[in-house]
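Structure, as structure tokens:
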Amino acid sequence: MGTVIARPVSDGDRRSEPGEAAQVPVASRGRAAVAGVVAAAVALGAGELVVGAVGVDDPSLVSAVGSEFIDRIGASIKDLAIELFGTNDKLALVVGIVVVSLLLGAGLGVLARRRFWIGAAGFAAFGVVGYLAYRAEELGNDTVGLAASVVAVAAGASALWWLLASAERATVAAADMRAAVASSIGTSAGGSTDHGPVDDGVWSVGDGRLVPSPRSSMELGAVARRAFLATAAALGAGAAAMALVGRRLAGGGASERARSQVVLPPPSSEAPKVAESVPVGEVSPYITANGDFYRIDTALSIPQTSLESWRLSVGGLVENPFEITHAELLEMPSVEETVTIACVSNQIGGRLVGNAVWQGVPLSALLERAGVRPDVAGAEGQVVGRSLDGWTAGFPMDVASDGRVAMVAYAMNGEPLPVSHGFPARLIVAGLYGYVSATKWLAEIEITRWDDFDGYWVPLGWSKEGPIKTMSRIDVPAAGADLVAGPVPIAGVAWAPTRGISKVEVRIGDGRWETCELGDVASANTWVQWKYDWDARPGDHVISVRATDGTGETQTSEVARPAPDGASGWHARRVEVS
Ligand SMILES: Nc1nc2c(c(=O)[nH]1)N[C@H]1C(S)=C(S)[C@@H](COP(=O)(O)O)O[C@H]1N2
Ligand SMILES: [Mo]
């Protein structure tokens with residue numbers, strides 16, 4: 001009996017097909033890489049879903065890994081990260097972790113083509129890293145981390161298995177197609193005319209059994225490739241959906257719910273209201289709106305809490321350590337104070353500084369109730385704030401008792417503290433950079449000896465003491481602005497919290513220092529808006545600014561980078577006047 005396909009295509013034949021290096025059909029490298037990427041996405045998505053469904057307020061595996069990264073490595077490159085990504089540094093980290101995971105997935109996919117166990121082992125290793133990071137993460141429940149890791153590994157490995165099988169079918173179909181085409185060219189093409197219903201366009205009879213016809217082999221090849229792509233796309237979409245649902249479930253954050261229940265008491269003393277006195281174009285408003293306030297912290301997942309479960313404990317070297325609830329904190333007499341806080345990482349002219357009205361309980365009231373032991377009441381002592389996620393900052397006891405504004409704040413600009421700014425309570429200490437004082441998501445105040453404890457950033461090379469340096473910033477005109485000759489307002493802000501600002505001067509090029517007009521301030525703890533009416537002449541000009549603090553000391557021209565104790569130097573801006 002004549003056949004259309006002289007040499008039937010079978011598995012046995014395919015193995016000996018010249019040009020096919022593999023002895024067994026394997027997925028192409030490209031498809032295997034795609035399979036690996038999608039499988040890694042499935043693993044990440046499944047992990048998110050488990051955390052969202054079971055853990056609710058626990059951080060995700062990705063964020064646990066990110067936190068570990070921050071604590072181990074990230075901290076030392078914090079300034080670089082802020083420089084590169086600004087306050088999006090956390091988003092950049094998460095994106096980075098996801099991208100690296102997907103790339104590793106691609107590699108595992110390729111390795112797993114012939115030895116699936118390598119892929120499975122790779123996913124298991126992923127899972128172990130995720131789980132260990134989770135255990136190290138203060139916020140995470142270990143059981144949730146274990147469940148998320150196990151499910152992520154199982155889902156990722158299963159997806160890889162499935163996709164590789166699908167990719168193999170595409171390879172097999174492609175080989176069938178090549179073989180079928182080759183053989184149909186090698187024999188009497190179109191032989192079907194002689195042989196009755198042997199070739200219906202889909203199947204041919206070869207050696208007494210059905211084999212794909214040349215045409216249908218091509219179609220089958222295309223079908224198998226499409227099937228692989230469809231499976232990969234569907235799993236990829238499923239991974240994204242799991243991640244989104246997981247994040248949505250987790251993001252129903254307890255703190256956001258708790259915050260909406262807070263009813264703020266009226267403060268026992270109100271902060272003086274200050275009118276915007278230098279309303280010049282884009283100059284920073286005197287009070288920074290909560291939504292515009294810079295955010296800097298190491299928290300990839302914000303620690304969550306409910307009003308019922310939150311406690312503030314005050315302890316350490318005190319006579320009467322105690323714990324208070326949220327309700328008890330809000331029942332205590334409170335103050336309202338306008339205070340400018342700044343980040344030590346703020347560059348000259350940078351935006352990591354803001355001014356807000358804070359309401360809270362004076363630190364002195366809490367320390368008095370606890371009864372600080374006399375041997376640590378002075379320079380020997382240290383006040384350490386510890387957050388719900390284990391971050392710490394410490395400042396000298398002297399600072400707590402020298403009469404400056406220092407409080408456990410629970411409201412910011414008349415609203416309960418926003419979650420990203422420390423809900424339900426944080427420390428605010430006038431005159432100190434945030435990294436040594438402004439503990440957000442406050443859980444504990446501990447009195448220690450100055451020499452016995454270093455806060456989070458100190459072992460990482462930052463100065464143990466962090467008084468805010470006198471600084472001034474030009475807000476208008478904008479950098480590189482094209483200006484027209486004539487009157488041009490120059491304006492900005494200057495700050496030296498606790499000392500206040502007594503004078504701000506600007507200089508055009510190498511000209512004389514000109515004294516600026518200053519706005520009103522609530523106290524020496526806030527920045528001041530300043531303005532100078534410049535009669536601009538055509539040309540290229542560099543505008544510089546410097547401030548003098550309330551003690552009469554003028555801001556140094558000496559340029560210092562933020563590390564280890566804050567940037568210094570005069571802010572300058574080049575403009576063009578035509
Ligand atoms: N728990 C916690 N509190 C923290 C930090 C942190 O990383 N974790 N960062 C501090 C730093 S470095 C600064 S500058 C301020 C910033 O406060 P903000 O984000 O409300 O502007 O918070 C401080 N409080
Ligand atoms: Mo900071």
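Order of listing sets the numbers, starting from 1, for every ligand and every atom in it. Positions are given from 1, in the same order as the sequence printed here.
Among L352, I296, I70, the residue whose heavy atom sits closest to atom 16 (C) of ligand 1 is I296. With R426, M412, R386, R295 as candidates, the residue nearest to atom 17 (O) of ligand 1 on a non-hydrogen basis is R426.
Ring orientation note: the planes of W527 and W495 are tilted relative to one another, at an angle of 30° to 60°. Ring-plane geometry between W457 and W462 is classed as perpendicular, the angle between the planes exceeding 60 degrees on a 0 to 90 degree scale with a lower cut at 30.
For ligand 1, the atoms sitting less than 4.0 Å from at least one non-hydrogen atom of C343 are 14 (S), numbered in the order shown with element in parentheses. Within ligand 1, counting atoms from 1 as listed, the ones closer than 4.0 Å to a heavy atom of Y435 are 11 (C), 12 (S). If you number the atoms of ligand 1 from 1 as listed, the ones under 4.0 Å from a heavy atom of T298 come out as 6 (C), 7 (O). The W441 neighbourhood of ligand 1 comprises atoms 1 (N), 2 (C), 8 (N), with distances under 4.0 Å to a heavy atom of that residue. Interface atoms of ligand 1 facing F293, defined by a heavy-atom separation under 4.0 Å, are 21 (O). Numbered from 1 in the order shown, with element, the atoms of ligand 1 that lie under 4.0 Å from a heavy atom of S387 read 1 (N).
For ligand 1, the polar-atom distance check finds an N/O of A438 within less than 3.5 Å of one of the ligand's N/O atoms. An N or O contact shorter than 3.5 Å is missing between D297 and ligand 1 by distance. Annotation: H421 places an N or O atom under 3.5 Å from an N or O atom of ligand 1; distance criterion only.
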Audit row: V545, W570, side-chain contact (heavy atoms from CB on, under 4.5 Å) steps and yes/no = CA-CA 6 Å; V545 64; W570 296 334; 5.9 Å; no

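Closest heavy-atom contact between S334 and P267: OG-CA, 3.2 Å. Here the closest non-hydrogen pair linking L264 and G414 is CD1-O, 3.5 Å.
Considering only heavy atoms from C-beta on, E415 comes within 4.5 Å of R259 through its side chain.
Annotation for E553: atom CD does not count as buried by contact number, only 12 or fewer foreign heavy atoms lying within 6.0 Å.
With a heavy-atom cut-off of 4.0 Å, W391 touches ligand 1 through its side chain alone.
One finds no salt bridge joining D549 and K503 here, because no Lys/Arg side-chain nitrogen approaches an Asp/Glu carboxylate oxygen to under 4.0 Å.
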